[in-house]
Amino acid sequence: VEADGYRVLVDCGFAYREMVKRLTLLEVEPESIDALLLTHEHGDHIRGAAQFHKNWNTALWMSQGTLQASGFSPSARVQGFDPDQARFSIGSFQIQPFSVSHDSRQPCQYRLSSNGLNLVVLTDLGTVSPQVLYQLRDLDGLILETNHDEQMLSDGPYPWPLKQRVRSDQGHLSNRQAAEILSQINNQRLQHLLAAHISEKNNSPEKARQALQQQAPELAQRTQLLQQHSVSPWFDLHL
Ligand SMILES: [Zn+2]
Ligand SMILES: [Zn+2]
């Protein structure tokens, strides 16, 4: 996410080399990133973070629980916070972490504001609490988990305990749950809705899109699906 020449990266789940390859496609030098905001310690969110920090001394921000679970040593450039208390700035960004329910030590997601524009990244959560919905007010951009289609998950190849984990209150949002969120928030100024964390085994882009469009047809032109094997273009938010 970029604003006024400052750049932050939310999570770093690819290995460092792959991350740099992808950033290069967007004409971003890794050393130009001011901070990584980490959501939780699962590998698909932090895999490349340690190397990133080692190479460029990039600041790392995460919850205390994520800090402990991921094994980073706290320092001036590695900060742990309490997601329900913290609010901090990086350049022109105001950053509001907030707790989510997911099966890791102390997971959070982020609301980023700059120059009157608001963006929320919301993946890896099991349930949508009133506290989460509160963070989704007045959004200009939303990156929203549409992890699985409930039927495909049931019929799919995952072993039973993993199926139960994914659909539990500490798991991942289904297409239906993601769509429900859209009916509970004010979408009026939303410029981009990006569907993310889409399962390759338990979902299809068509099903994710269908579910979102059914609930919020007015957002059809503003919705994009993010894919794990390709790099999306930049999405611009304007006042
Ligand atoms: Zn996770
Ligand atoms: Zn994840």
Task: Passing candidate, side chain to side chain contact (heavy atoms under 4.5 Å, CB included) with His197, options Asp44, Thr146, Leu122, Leu173 - done: Asp44

Looking at [X] and [Y], would you say the former's side chain and the latter's main chain have a donor-acceptor pair under 3.5 Å?
| X | Y | result |
| --- | --- | --- |
| Arg111 | Gln96 | no |
| Gln79 | Ala76 | yes |
| Gln85 | Phe81 | no |
| Thr223 | Leu219 | yes |
| Asn187 | Leu190 | no |
| His192 | Asp236 | yes |
| Glu41 | Ser104 | no |
| Lys163 | Gly156 | yes |
| Gln177 | Ser174 | yes |
| Ser70 | Thr66 | yes |

Answer yes if the side chains of [X] and [Y] hold a donor-acceptor pair under 3.5 Å, and no otherwise.
| X | Y | value |
| --- | --- | --- |
| Glu145 | His172 | yes |
| Asn118 | Ser113 | yes |
| Asn147 | Ser199 | no |

Does the pair [X]/[Y] count as a salt bridge with the N-to-O cut at 4.0 Å?
| X | Y | result |
| --- | --- | --- |
| Arg189 | Asp140 | yes |
| Glu18 | Lys21 | yes |
| Arg167 | Glu150 | no |

Separation of [Y] [atom2] from [X] [atom1] (nearest 0.5 Å):
| X | Y | atom1 | atom2 | answer |
| --- | --- | --- | --- | --- |
| Arg77 | Leu36 | CZ | CG | 10.0 Å |
| Leu60 | Ile46 | CG | CD1 | 9.5 Å |
| Ser63 | Leu67 | OG | CG | 8.0 Å |
| Ser154 | Trp160 | OG | CH2 | 7.0 Å |
| Glu218 | Gln188 | CD | CD | 9.5 Å |
| Phe235 | Leu119 | CZ | CG | 11.5 Å |

If every non-hydrogen atom of [X] is compared with every non-hydrogen atom of [Y], which pair is closest and at what distance?
| X | Y | value |
| --- | --- | --- |
| Phe52 | Pro30 | CE2-O, 3.5 Å |
| Leu226 | Ile198 | O-CD1, 3.7 Å |
| Met19 | Cys12 | CG-SG, 3.7 Å |
| Ser99 | Val132 | O-CG2, 3.9 Å |
| Gln215 | Ser183 | OE1-CB, 3.3 Å |
| Thr123 | Gln109 | O-NE2, 2.6 Å |

Is there a side-chain contact between [X] and [Y] (heavy atoms, below 4.5 Å)?
| X | Y | answer |
| --- | --- | --- |
| Gln191 | Arg222 | no |
| Asp124 | Val100 | no |
| Gln106 | Gln68 | no |

Open item on the list: Can you confirm whether more than 12 heavy atoms, excluding those of Tyr6, are under 6.0 Å from its OH atom?
Closed with: no

Open item on the list: When you measure from the centre of the six-membered ring of Phe14, is the NZ or CZ of Arg22 closer than 6.0 Å and no more than 45° off the axis?
Closed with: yes

- [ ] State which residues pass side chain to side chain donor-acceptor pair (under 3.5 Å) with Asp11; sequence neighbours excluded, sorted by chain then number.
- [x] Thr39, His45

Open item on the list: Before you tell me yes or no, could you show the steps for Asn175 and Asn203 under side chain to side chain donor-acceptor pair (under 3.5 Å), namely the whole-Å CA-CA distance, both residues' side-chain angles and the distance that decides it to 0.1 Å?
Closed with: CA-CA 9 Å; Asn175 296 340; Asn203 208 352; 2.8 Å; yes

Open item on the list: Before we go on, tell me: are the rings of His40 and His102 under 6.0 Å apart, centre to centre?
Closed with: yes

Task: Derivation of the side-chain contact (heavy atoms from CB on, under 4.5 Å) call for Leu37 and Ile95 - done: CA-CA 9 Å; Leu37 308 177; Ile95 298 175; 3.9 Å; yes

- [ ] List the steps, then state whether side-chain contact (heavy atoms from CB on, under 4.5 Å) holds for Ile185 with Arg137.
- [x] CA-CA 7 Å; Ile185 62 173; Arg137 67 199 185 278; over 6 Å; no

Open item on the list: Apply the hydrophobic cluster definition, ILVMFWY joined by side-chain contacts under 4.5 Å directly or through others, and give me every member besides Tyr134.
Closed with: none

Task: Full working for side-chain contact (heavy atoms from CB on, under 4.5 Å) between Tyr110 and Val8 - done: CA-CA 11 Å; Tyr110 293 95; Val8 299; over 6 Å; no

- [ ] Name the orientation class of the two ring planes belonging to His53 and Phe72 (parallel below 30°, tilted from 30 to 60°, perpendicular beyond 60°).
- [x] perpendicular

